[in-house]
Participant: 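If you scroll down you'll find the structure; I have some questions about it.
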There are 4 protein chains.
Amino acid sequence: MTSKRRTPKTPATPARRTPQQDRSRAMVARIVDAGQQVLITHGYDGASTNRIAAAANISPGSLYQYFPNKDAVVAAVIERYTREVADRVRARVLSNLGKPPEVSVPETISYLLDALGNDRELLRAVVEQTPRLAADGPVVAFEQQIGELSRVALSMGHYPIPDDIDTDAAAWMLVRAVEHLTIRYLLDAPPIPRDRFLADLNRLILNFFRDPRPRAERE
Amino acid sequence: MTSKRRTPKTPATPARRTPQQDRSRAMVARIVDAGQQVLITHGYDGASTNRIAAAANISPGSLYQYFPNKDAVVAAVIERYTREVADRVRARVLSNLGKPPEVSVPETISYLLDALGNDRELLRAVVEQTPRLAADGPVVAFEQQIGELSRVALSMGHYPIPDDIDTDAAAWMLVRAVEHLTIRYLLDAPPIPRDRFLADLNRLILNFFRDPRPRAERE
Amino acid sequence: MTSKRRTPKTPATPARRTPQQDRSRAMVARIVDAGQQVLITHGYDGASTNRIAAAANISPGSLYQYFPNKDAVVAAVIERYTREVADRVRARVLSNLGKPPEVSVPETISYLLDALGNDRELLRAVVEQTPRLAADGPVVAFEQQIGELSRVALSMGHYPIPDDIDTDAAAWMLVRAVEHLTIRYLLDAPPIPRDRFLADLNRLILNFFRDPRPRAERE
Amino acid sequence: MTSKRRTPKTPATPARRTPQQDRSRAMVARIVDAGQQVLITHGYDGASTNRIAAAANISPGSLYQYFPNKDAVVAAVIERYTREVADRVRARVLSNLGKPPEVSVPETISYLLDALGNDRELLRAVVEQTPRLAADGPVVAFEQQIGELSRVALSMGHYPIPDDIDTDAAAWMLVRAVEHLTIRYLLDAPPIPRDRFLADLNRLILNFFRDPRPRAERE
DNA sequence: CATGAATGAGCTTTCATTCAT
DNA sequence: CATGAATGAAAGCTCATTCAT
C-alpha cells in the first residue's frame, strides 16, 4: 500500500520543482498516508510515531525531518481529508450558484453526504479520536471555508431573503447543522433511510428561510 | 464478603444512610471533583491517575478502590455533568408539556443554553478533550434521554403535525441539531448576539414543522 | 468452603485449652487453608494477602494478627504439608524398623510416593512456586527429619553395612535422591510406568550398599 | 522492515559480523551480565527491570529493545549459565565415550561438580530464587541435553547392560539424581568431604547397573 | 538527509502493610 | 480483637523525541 515508487531520475516533465522538493512532497504524502492508516486501525492513542514511521517504511528519526511532532502528522491527516472534502463540495456549490435553493441545497447536501461517507473509517477516526486537536485545527478551517461559500451562495441566490435574517448568523448556524447532522448520520447509522434523512435535512434548511410562522397558520 | 449487615436499629425508617455509604459517596464525589478539575486544566491526556489522586488529596492506590481505571473516572465526570444538565432540562420540558411549541421550544432551548453554559470550561473539556470512551457512553445516553423527551413532547403538543413527518427521524435530527448548535455557540463564541442565536435556532426548529414550501410562495 | 462452624458455647470436653486458644488455632488453620488454596490456584506471585484474606473470609487486617507477613503464611502452608507427609512416612518407617531393607525400602518409597502424590497440585505449587523461601525453611526441616530417621533405620538394620560406608554421608545422599526423584516423577510425569520407576529407584538405593563392583564382575 | 540488507562488499567471506550485530550482541551480554548480578544480589523478586537497567548502565527503555520483558532477561541469564555448563560437560562426556564407566562416570561427575560450582552464587540464585518460568525453560532443556548425552554414552559403553534395564528410564533417573545431588552438595555444603561425596555418588550410579542383589549375597 | 539505538520521564496499576474506628 | 479504607512505594512498561553515526 505504501508507495514504493521512486522518483524517476530523468522525468519527462520540464522539472519546475526541484527533485529535492518532489522527494520531500512525496515523503510527506507517504507519512500522511501512514498516519491515516494507523489512525484508522489503532486510534489516536495507538498511533505512536514509531508505528507511523514503520507504516511509512521510514525510520522514526526521519519522520521528524518532515513533521515537528506527532500531532502535526495527525493534523496533516485531518487537514488533507477535510481539504479534499471541501474541494469537492466547493466545486459543486459553485456550479450551482445560479440555481434556486430548492435545487442547489439538496444537491449540495447530497454531495456532502457522499463526500464525507467516502471514507467512513477515516471520518470516524477524525471525529471520535481527535477532538483533542480540534481547538482551532483543520476542522475549523473546513467550516470556515464552507461557511464563506454559503454566505456567497446566499447572497447570490436570485430570490428574496427575508429581511429578518442575518446572513452571517444564518450561514454559521446552517453550515454547522448540515455538517454535524451529516456526520452523525454517517457514524451513528440511525434507523432512518437515506432518502428520509436527506428530505428532512433539506426541509430543515429550506424552511428556515420562510417567514416565521404567521398567526393565521395555526388552527 | 464486605459487610452487608445494616445496623437494625431502626428497621422501618426509610434507609438513613450508613456512615459507611456516606463516606464512600463523599470519596467518589471528591475524586470526580478532582477528575473534573484536572480534565479542565490538563486535558484528557494530561489527566493522569496520579494527578487526579493528588488533586483529590488521596493516594493513587485509594483512587482504585473507587474506580477500576482512569477512564472510569473520566466517564464519571462526564456522566455527572450530562446528568445534571439532563435533569434540569427534563424538568423544564415536562413543565411545558401542555404549551404550544411556539412557547415550549424557545423556553427549552434557552434553558438548555443556560444549563450547558453553566460550566463552559467543563463543557469544553468534555467536548474537545474526551475521546469517545464507549459506544454507549454518557454523552450518548444524554442524547437518548433528551430524544425520548422530545418525542413525548412532540406527541403531546395537541396540535397537528404534518403527515409527512416521521416523528422518530425528526426527533433524532432536531435533538442533535439543537444540542450541537448550542454547544458550538457556547464554545466557539461566534460574533452573534445571544438573542439572535436563540431566535434563529427557534426558527430552525419551528419552521421545520411547517408544510414544505408551497408552489405559490415561490417567486 | 471455609468453616462457618462456631465453637459451641458449652463444649462437652473438659476445656483444657482456653476458648481463646481454640479460636486462635482455628483462625490460623483457616488462614493456612486459604493460603494453600490460593497458592495452588494463583501461584506465589498471585497469592496476595488480600486474596488470601478474602479466601479465608476475614479482613486483610486480621490476617496480620496471626501472621507477621505474607511469607509467613506461605511458609505455614509448606510447613503443614511437609509435616503431614513426614508424619505419615515416619510412622511407616518406624513400623518397618526390624525388617530387612529389601522389604523396608520399597515399602517406604512406595509410601512416600503416595503421600507426596496425594496433593499433586500443592506439591507443584510448593516446589515450583516457592523456591524463594527454601533457604532454610520447612522443606529443609523435612529432609532433616527423614534423614535422621534413615540414619536410625540404617543403624538398626540387622544386616551388615559395608565398612566403606559413612552412614551420615550415605543418608544425606540417599534421602535427597529419593525425595527429589519422587517429586520429579510426580511433577514431570515422564513416560515411565509407576512400577518401573519404583523398581529402578529401589535398585538405586539397595544396590548402593553392595560392595563396589569387583574387578571379576566385568567381562 | 529493519535493515536486512547486508553490505555486499565481500560476499564470499564467511560473514564477518557487522558492527551492528556486534553492538547488539555486546548490549545483550551487558544486560545479561547485569541481570545475573542483580539476580544474585537481590533475588528474583528484587530483580526489577529498572534495577537491571541501572546495573547495565542503560535506560529502562533500552532494556526493552533487547528483551520483551523481565522474565526474558532472567531466562537469558539461566540459559547462558546452563549452556556454559552443558557445553563443558558435553565436551568431557564426548571425549570419554570409549572408556569404561568406571572411568567415564567419575570423570564426568567430577567435572560437573566443578562446572556447576564455578559460580556458586549464581547457581544458588538460579535454583533457589527463580520460579519455573516455563515448562520448556532452560533448566529443562539442560536436563534433556544431558539426558540425551547419557543415553548415547550408555549405549556406546561396549559393555553389557543388564537385560532388565530400560535405558530411557535409567537415564531419566540417573541424570536427575546426579544433577540434583551435585547441586545440593554445592549449595547446602553438608559436612561431607568432596572425595567422599564423589565416591558415594559414583557408587550410586555404577552400582545401579549391577545385577539385582542375588540371593546368595544376602546373609 | 537517513538512520535507529538510546533515552528517561512518566504512565497505569498493584499490594503488603498500617491504623483509626 | 476485627475491620477495611487508606497508604505509597514500587513495579513493569511505553513512547515522543534526540543525536551520533
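So that the names make sense, note that chain A is the first sequence line, chain B the second, and so on, each numbered from 1. Only this structure's heavy atoms are used, side chains among them; waters, hydrogens and symmetry mates stay out.
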Participant: Please report the distance, rounded to the nearest Å, between CD1 in C/Ile52 and P in F/dG4.
Facilitator: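 Rounded to the whole Å, the gap is 18 Å.
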
Participant: Would you say D/Ser62 reaches E/dT7's phosphate, i.e. side-chain N/O to OP1/OP2 under 4.0 Å?
Facilitator: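 Yes, D/Ser62 has a side-chain N/O under 4.0 Å of OP1/OP2 on E/dT7.
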
Participant: Would you compute the distance between atom CZ of B/Arg124 and atom CD1 of B/Ile40 and round it to the nearest 0.5 angstrom?
Facilitator: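 B/Arg124 atom CZ to B/Ile40 atom CD1 measures 11.0 Å (nearest 0.5 Å).
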
Participant: Starting from C1' on E/dA9, measure out to CG on D/Asn50 and report it in whole angstrom.
Facilitator: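 It is 11 Å, rounded to the nearest whole Å.
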
Participant: To the nearest Å, give me how far apart NZ (B/Lys70) and P (E/dT12) are.
Facilitator: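 Rounding to the nearest Å, NZ of B/Lys70 and P of E/dT12 are 5 Å apart.
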
Participant: Mind calculating the distance between CZ (A/Arg25) and P (E/dC1) to the nearest angstrom?
Facilitator: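 Roughly 14 Å, once rounded to whole Å.
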
Participant: Starting from the 5' end of DNA chain E, give me the residue, C/Gly46 or C/Gly61, whose nearest nucleotide shows up first.
Facilitator: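 Upstream on the strand: C/Gly46.
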
Participant: Pairing check on E/dC1: which nucleotide meets the Watson-Crick or G-U wobble criteria with it, both distances under 3.5 Å?
Facilitator: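 Looking at the geometry, E/dC1 pairs with no nucleotide.
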
Participant: Is there a side-chain contact between A/Gln65 and the phosphate of E/dA2, meaning an N or O under 4.0 Å from OP1 or OP2?
Facilitator: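 Yes.
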
Participant: Which distance, rounded to the nearest 0.5 Å, do you find between the CG of B/Leu63 and the CE of B/Met27?
Facilitator: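 It is 8.5 Å, given to the nearest 0.5 Å.
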
Participant: Distance check: side-chain N/O of A/Ser48 vs OP1/OP2 of F/dC15, anything under 4.0 Å?
Facilitator: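 For F/dC15, neither OP1 nor OP2 has a side-chain N or O of A/Ser48 closer than 4.0 Å.
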
Participant: Between B/Asn57 and C/Tyr66, which has a closest nucleotide on DNA chain F that is more 5'?
Facilitator: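 On the 5' side of the pair lies C/Tyr66.
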
Participant: Just how far is it from atom OG1 of D/Thr49 to atom CG of D/Asn69, taken to the nearest 0.5 Å?
Facilitator: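 It is 9.5 Å, given to the nearest 0.5 Å.
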
Participant: Report the distance from atom CZ of C/Arg51 to atom P of E/dC15, rounded to the nearest whole Å.
Facilitator: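 So the CZ-P distance, C/Arg51 to E/dC15, works out to 7 Å.
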
Participant: Side chains of A/Arg80 and A/Asp33: closer than 4.5 Å at any heavy-atom pair?
Facilitator: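 They are in contact (side-chain heavy atoms under 4.5 Å apart), so the answer is yes.
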
Participant: Give a yes/no on whether any side-chain N or O of C/Ser59 is located under 4.0 angstrom from OP1 or OP2 of F/dT3.
Facilitator: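 For C/Ser59, the contact criterion (side-chain N or O under 4.0 Å from OP1 or OP2 of F/dT3) is met.
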
Participant: So A/Val32 and A/Phe67, do their side chains get closer than 4.5 Å, heavy atoms only?
Facilitator: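 Sidechains of A/Val32 and A/Phe67: in contact.
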
Participant: Within this structure, what is the CE-to-C1' distance between D/Met27 and E/dA5, rounded to whole angstrom?
Facilitator: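 Answer to the nearest Å: 8 Å.
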
Participant: Calculate the interatomic distance between A/Tyr64 atom OH and E/dA5 atom C1'; express it in whole Å.
Facilitator: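 Distance, rounded to whole Å: 15 Å.
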
Participant: Can you measure C/Leu63 atom CG to E/dT18 atom P for me and round it to whole angstrom units?
Facilitator: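 Rounded to whole Å, this separation is 12 Å.
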
Participant: Using purine N1 to pyrimidine N3 plus N6-O4 or O6-N4 for Watson-Crick, or N1-O2 and O6-N3 for G-U wobble, each under 3.5 Å, what pairs with F/dA16?
Facilitator: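 WC or wobble partner is E/dT7.
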
Participant: Reading DNA chain F from 5' onward, which residue's closest nucleotide shows up sooner: A/Pro60 or D/Pro60?
Facilitator: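 With A/Pro60 and D/Pro60 compared, the 5'-side residue is D/Pro60.
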
